[in-house]
Amino acid sequence: MGQKRHPMGVLIREDRMPHIFCPGCGIGATISNIAEALLESSLDPDKVSVVSGIGCSGRAAGYFKLDGFHTTHGRPIAFATGLKLTNPDLTVIVFSGDGDLTTIGGNHLIHAARRNMDMIVICINNFNYGMTGGQMGGTTPTGTWTTTSVYGNYEMPFNLPLLLTACGANYVARWTSAHSHYIKKSFLEALEKEGFCFIEVISACPINWGRRNKLRTGKDMVKFFLDHTEIKENPDPAEALIQMDTPILCGVFANKDKPGYLRAMRERLSQRVGIDVFRGDGKVELPETEEKLQKTVERPKKVEEVKIKLAGIGGQGIALLGLIMGRAACIFDGNQAVYSQEYGAEARGGASASSVIISSGKIDFPYIKNPDVMVVMAQGAFRKYRKEVQPNSILFIDKDLVKPYDLPEGVQVYAVPATRLAEQVGRKVVANIVMLGFISSLTDYFSLEAVKSALKMSVPKGTEEFNLKAFEAGYTYGEKLKRGEE
Amino acid sequence: MGKDVLTGVHFLSGNHACVEGAIAAGCRFYAGYPITPSNEIAERMSVRLPQVGGIYIQMEDELASMAALVGASWGGAKPMTATSGPGLSLMQENIGLAAMTESPCVVVDVQRGSPSTGLPTLVGQADVMQARWGSHGDYEIIALAPSSPQECFDFMIKAFNLAEIWRVPVIFLSDESVAHLSERVVIPPKEEIKLVTRKRPSVPPEKFLPFKPGSDLVPEMPIAGEGYRVHVTGLTHNEKGYPDLSAKVHNKLVPRLVNKIRKNADKIVEYEELFTEDAEVILVTFGISTRICRDVIKRARAEGLKVGLFRLITIWPFPEKRIMALAQKIKAFVTVEINLGQVAIEMERIVKERCKTFLIPNAGGAVHDPDEVFAEVKQIVSGLVE
């Protein structure tokens, strides 16, 4: 290269010349086309990033004098997604090959197109894996020869314009590496657009593909492209399948103005969260919000460690019951509590359980082997968990729904018609809250204010009063029971 | 809304506490793919990140999620994803890219029963080795293991800070048990949370070498769009960032990537000790198993047995020095972990003949039964007396 400057020296890393591309290869020419187009555009090159995958075309990121990222095989679009969403001010160009983008990276390609992710993808399609010696891939035309299709390829290649159009990309074009003018023009058009823009460049690979397919030199390949392409206005992507005996259809297959990912996201979120800017680097001014500080309780309520197991069937709100107890103890009484749920297939119906341990001290083992208290809301749950009822423990049951049997010695049973009382309050679903009121009346695991505060924060907005009524029903029943009135 | 640090007392699950820790640490980018038992992290992130102007994106798979993290990292984000064992397997490719390109990021792995699909809803701790060297080649990462929702919050802040300081992916080895326990979590005031960000270029672009390390072996990191026009590649590269496919450059780069963690291990390693001053037998553990061991030690001490606890906070790098020192003065280490001996094998390697090593394994699906562990510990202790 000597002292001669590369005509695109401003945008090409001259200190990396000579490049790795073979004589006659179309990649270098396409890099030049893109560099020329970037120069013609008014973009600040500092704000342009190029992302490539692996392969001959994957080396492009290393030749542009821009922020350039040479990533893993197939993943440049996914990488570029992270980059763009973190800093939406960047123009992000993915420049990579057909094997990289459409075969190993096919999943990322179709999903980025579906999302209309804001980026421009230049896909060099040279029909084969050039860097590894010319193997067939997802774009190798049927009937052609490669080092792994030595009898001729019998697979169908992707029709990329059809695929990308179907996936929802805003802009889809195809040219060949012999069409410099059109490549530049398409790229400049894409720069003006938001959303996913895809430019396929059918590219000469005389060394690894051409010579096995009677196109031995770059010149042969360029001549072939010029003789065997058909450029159309508004071409039909359904006719864009590449076959060796018909012309390669070129043109702009899609040119839409659907909102790009970032705009669609903003339109959906802004009003809902009261913020206009979303970016992964955190450079966002947050609106002032009211300080809602939940202070540490000064003098926590003293409580001996108690292990409570709650059992019922799906829909009874057993999990919520445990959560409220935990919140009451932790947040409002200043104690420790551990809440856990049985988390298995049985959670999808049938009996399930959750457990809460409450203590003034630190709780090490977070699960319950021998519960001090069991709360059982359904007969099926009793059947499943009755063996866990310990001698001299406490058992809370829904009087109408659970008929206990074979209890060990010394079990203190407290029964409340929770579901019936809930129905009287207005809805059966609050039977769990009736039970909570009942337990609160008969035990001292959490203070009354704590459990009411926890209840209010745990039920859907607008249902607080209703739930408190259910709580009172259970609590009153408990108080009456204590006085011997029930 | 619009609140990044939710100062106050909360009752949170481990997974939800991870989210609040991440956001408090400055994470504003999450890319992930749903997998049990990590889903509550993605779900809460999808609610919380928009509220603080951040971005939640659900990618098409874990390969993409991890690639997006590396891209986001170079865009200037403190990025994060969450997954479980099978997803971590898929992420390994780009965890390697993150290690090679020194891209700070945090990967939460909520471990479940494994291998393969294993036990999706039940606990495991068998990703210890996958976390360390799951990707091909020589590299070192940092891995942390929480044992409670409070630690999920606290350690997430640690994880992001470590990722930024050392420019490595940090693997947050949670597990299904910690993930699904709800407990008291105290979130401190914003000004009390210490955050660290990566070293930024100290010289202008024309003088800058993006992969020239400082004395701590960590290079300064530019961000895309700042004018440094940096080239970043997963190929072996020189200090300029350009590919240099020679043995000479490779033997400079890869040892540096490894040594920036190994040689700085003293600054990274964290552990917790209980009753180790007079212990004759020390239980070695991490994550949820810590709590089972604490319970066992309470009982052992009540019976006058000199049993102590050594709990790993960072699993990688491994606290070799301290373990060697303890090994000189005790009779045995007993590793308690929900796998068939992944930390235990590291213990054997370090301890050698200095003292005995035992393992109380558990293939997963449930945490160890403290009664059984206690019985085994007692047996080990009595065996050592003879």
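Note that the coordinates shown come from a computational prediction; the quantities given were computed from them, not determined experimentally. Lettering of chains follows the sequences in order, A, B, ..., and the numbering in each one begins at 1. Any value given below was found using the heavy atoms of this structure, including those in side chains, with hydrogens, waters and symmetry copies removed.
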Worksheet item: With a 4.5 angstrom heavy-atom cut-off, which part of A/S49 approaches chain B: side chain, backbone, both or neither?
Response: side chain
Item to complete: Apply the test side chain to side chain contact (heavy atoms under 4.5 Å, CB included) to residues A/V284 and B/V52: give CA-CA distance (whole Å), side-chain angles for both, the deciding distance (0.1 Å), then the verdict.
Response: CA-CA 8 Å; A/V284 177; B/V52 292; over 6 Å; no
Fill in: Contacting region of A/A337 [heavy-atom separation from chain B under 4.5 Å]
both
Item to complete: Under 4.5 Å heavy-atom distance to chain A, tell me which part of B/L181 shows up: side chain, backbone, both or neither.
Response: both
Discussion item. As an exercise: rank A/Q336, A/K369, A/M265, A/K283 by heavy-atom pairs under 4.5 Å with chain B and give me the winner.
Written reply: A/K369
Worksheet entry | Heavy-atom pair of closest approach, residues B/P50 and A/L269 | CB-CD1, 3.9 Å
Fill in: B/E60 with A/R114: basic N within carboxylate O range, under 4.0 Å
no
Worksheet item: Quick one: of A/G82, A/A454, A/G105, A/G322, who has the most non-hydrogen atom pairs under 4.5 Å with chain B?
Response: A/G82
Worksheet entry | Gap separating the CG atom of A/D364 from the CD1 atom of B/I292, nearest 0.5 angstrom | 9.0 Å
Fill in: Heavy-atom neighbours of A/Y367 OH exceed 12 at 6.0 Å
yes
Worksheet item: Which pair of non-hydrogen atoms, one from A/L83 and one from B/A224, has the smallest distance, and what is that distance?
Response: CD1-CB, 3.9 Å
Fill in: Under 4.5 Å from any heavy atom of chain B - which part of A/P76
neither
Worksheet item: Out of curiosity, A/I363 CD1 to B/R184 CZ, how far, rounded to the nearest 0.5 Å?
Response: 11.0 Å
Discussion item. How long is the straight-line distance from CD1 of B/I55 back to CZ of A/R279, given to the nearest 0.5 Å?
Written reply: 9.0 Å
Practice prompt. I would like to know whether A/E342 and B/T121 meet side chain to side chain contact (heavy atoms under 4.5 Å, CB included); could you show each step before the answer?
Written response: CA-CA 10 Å; A/E342 260 185 26; B/T121 63; over 6 Å; no
Response to the item:
Rounded to the nearest 0.5 Å, the CG atom of B/L97 sits from the NE2 atom of A/H70 at a distance of 10.0 Å
Worksheet item: Quick one: do the B/Y242 and A/D15 side chains pair a donor with an acceptor below 3.5 Å?
Response: yes
Item to complete: State whether the number of non-hydrogen atoms from other residues, nucleotides or ligands found under 6.0 Å of B/R200 atom CZ is greater than 12.
Response: yes
Item to complete: Look at the aromatic rings of A/Y339 and B/F11 and report parallel, tilted or perpendicular, splitting at 30° and 60°.
Response: tilted
Discussion item. Quick check for you: to the nearest 0.5 Å, what is the distance between B/L49 atom CG and A/I275 atom CD1?
Written reply: 10.5 Å
Discussion item. If we ignore hydrogens and angles and just use 3.5 Å, is the side chain of A/D67 paired with the main-chain N or O of B/V230 as donor and acceptor?
Written reply: yes
Discussion item. So for B/Y30, is it side chain, backbone, both, or neither that comes closer than 4.5 Å to the heavy atoms of chain A?
Written reply: neither
Worksheet entry | Test item: A/C330 and B/E183 side chains (from C-beta on) under 4.5 Å apart, heavy atoms | no
Discussion item. Tell me whether B/K3 is salt-bridged to A/E288, with the criterion being a basic N under 4.0 Å from an acidic carboxylate O.
Written reply: no
Practice prompt. Run the salt-bridge test on A/D281 and B/K78 with the 4.0 Å N-O cut-off and return the result as yes or no.
Written response: no
Fill in: Contacting region of B/H368 [heavy-atom separation from chain A under 4.5 Å]
backbone
Fill in: More than 12 heavy atoms from other groups under 6.0 Å of CD on A/E285
no
Response to the item:
If you tally heavy-atom pairs under 4.5 Å between each of A/G282, A/P366, A/S270 and chain B, the highest tally belongs to A/P366
Discussion item. Looking only at heavy atoms and a cut-off of under 4.5 Å, which of A/H108, A/H111, A/R59, A/K47 has the most pairs with chain B?
Written reply: A/H108
Worksheet item: Are A/F69 and B/T101 close enough that some pair of their side-chain heavy atoms sits under 4.5 Å apart?
Response: no
Discussion item. Shorter than 4.5 Å, heavy atoms on both sides: which option in A/T81, A/N107, A/V51 has the most such pairs with chain B?
Written reply: A/N107
Fill in: chain A contact via B/A31 - which portion, at a heavy-atom distance below 4.5 Å
neither
Worksheet item: What part of B/I57 is in contact with chain A, defined as an atom under 4.5 angstrom from a non-hydrogen atom: side chain, backbone, both or neither?
Response: both
Item to complete: Please state whether the side chain, the backbone, both or neither of B/S177 comes within less than 4.5 Å of a heavy atom of chain A.
Response: both
Worksheet item: Which atoms of B/Q58 come close to chain A, meaning under 4.5 Å heavy atom to heavy atom: side chain ones, backbone ones, both, or neither?
Response: backbone
Response to the item:
So OG of B/S13 and CD of A/Q341: to nearest 0.5 Å the spacing works out to 10.0 Å
Discussion item. Within the structure provided, determine whether B/H231 and A/R13 are in side-chain contact (heavy-atom separation under 4.5 Å).
Written reply: yes
Practice prompt. Report yes if some heavy atom in the side chain of A/T86 is under 4.5 Å from a heavy atom in the side chain of B/R28; otherwise report no.
Written response: no
Practice prompt. Side chain from CB out, backbone as N, CA, C, O: work out which of these in A/L323 comes under 4.5 Å of a heavy atom of chain B, or both, or neither.
Written response: both
Item to complete: Return the option, out of A/T91, A/I357, A/L90, with the maximum number of heavy-atom pairs under 4.5 Å with chain B.
Response: A/L90
Practice prompt. May I ask you to test the A/R75-B/N94 pair for a side-chain heavy-atom distance under 4.5 Å?
Written response: yes
Discussion item. Please classify the contact between B/V296 and chain A as side chain, backbone, both or neither, with a heavy-atom cut-off of under 4.5 Å.
Written reply: neither
